[in-house]
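Heavy-atom basis, side chains included; hydrogens, waters and symmetry copies ignored.
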Amino acid sequence: MRTPPVKFQALAATVAAGVFLFATQTALAQTAAPPSTATRPAKVLPDQTSVPSNAPPATTGQATGEASRDPMIKKMNEDEKQKVDTKGK
């Protein structure tokens with residue numbers, strides 16, 4: 001009877017080791033329980049805890065604090081915009 005070549009024996013040993021490791025990991029994963037320290041969401045939400053402000057409600061007419069632009073700068077911006085519109089960048 002002939003003995004199998006060395007390559008076949010190495011392949012068989014590698015496959016057997018892989019099957020053994022896979023089976024061990026699967027068995028450990030099935031027996032180990034997940035940690036029970038995770039917090040669960042509350043079934044009843046708590047009441048609002050923020051305190052209302054005494055400030056007046058915001059209005060749409062309120063200014064943002066931006067100062068009006070200098071007319072010279074405004075003209076320069078319009079000129080540049082027109083250049084870009086006609087010539088491109």
Side-chain angles (χ1 to χ4, degrees):
M1 183 159 111
R2 294 179 48 190
T3 59
V6 176
K7 289 182 182 180
F8 181 74
Q9 290 174 348
L11 178 64
T14 304
V15 170
V19 169
F20 175 74
L21 288 175
F22 181 73
T24 304
Q25 286 179 343
T26 305
L28 287 176
Q30 291 173 351
T31 58
S36 60
T37 58
T39 58
R40 304 287 183 242
K43 292 188 191 294
V44 178
L45 296 175
D47 291 333
Q48 183 177 356
T49 57
S50 61
V51 179
S53 172
N54 290 335
T59 62
T60 56
Q62 230 170 358
T64 60
E66 181 182 358
S68 61
R69 296 221 169 129
D70 184 30
M72 184 66 179
I73 295 175
K74 190 173 182 181
K75 182 167 179 0
M76 287 170 52
N77 286 340
E78 288 172 1
D79 292 345
E80 286 299 317
K81 184 178 178 191
Q82 190 174 3
K83 267 194 222 176
V84 169
D85 289 341
T86 57
K87 295 181 184 178
K89 275 193 166 182

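Look at Glu80 and Lys83 and you find a salt bridge, because one of the NZ, NE, NH1 or NH2 atoms lies within 4.0 Å of a carboxylate O, short of that distance. For Asp79 and Lys75, the salt-bridge test passes: some basic side-chain N is under 4.0 Å from an acidic carboxylate O.
Between Met76 atom CE and Asp70 atom CG the span is 9.5 Å, to the nearest 0.5 Å. We find the CG-CE distance between Asn77 and Met72 to be 11.0 Å, quoted to the nearest 0.5 Å.
Evaluation of the salt bridge (charged side-chain N to carboxylate O under 4.0 Å, His left out) rule for Lys74 yields no partner, not counting sequence neighbours.
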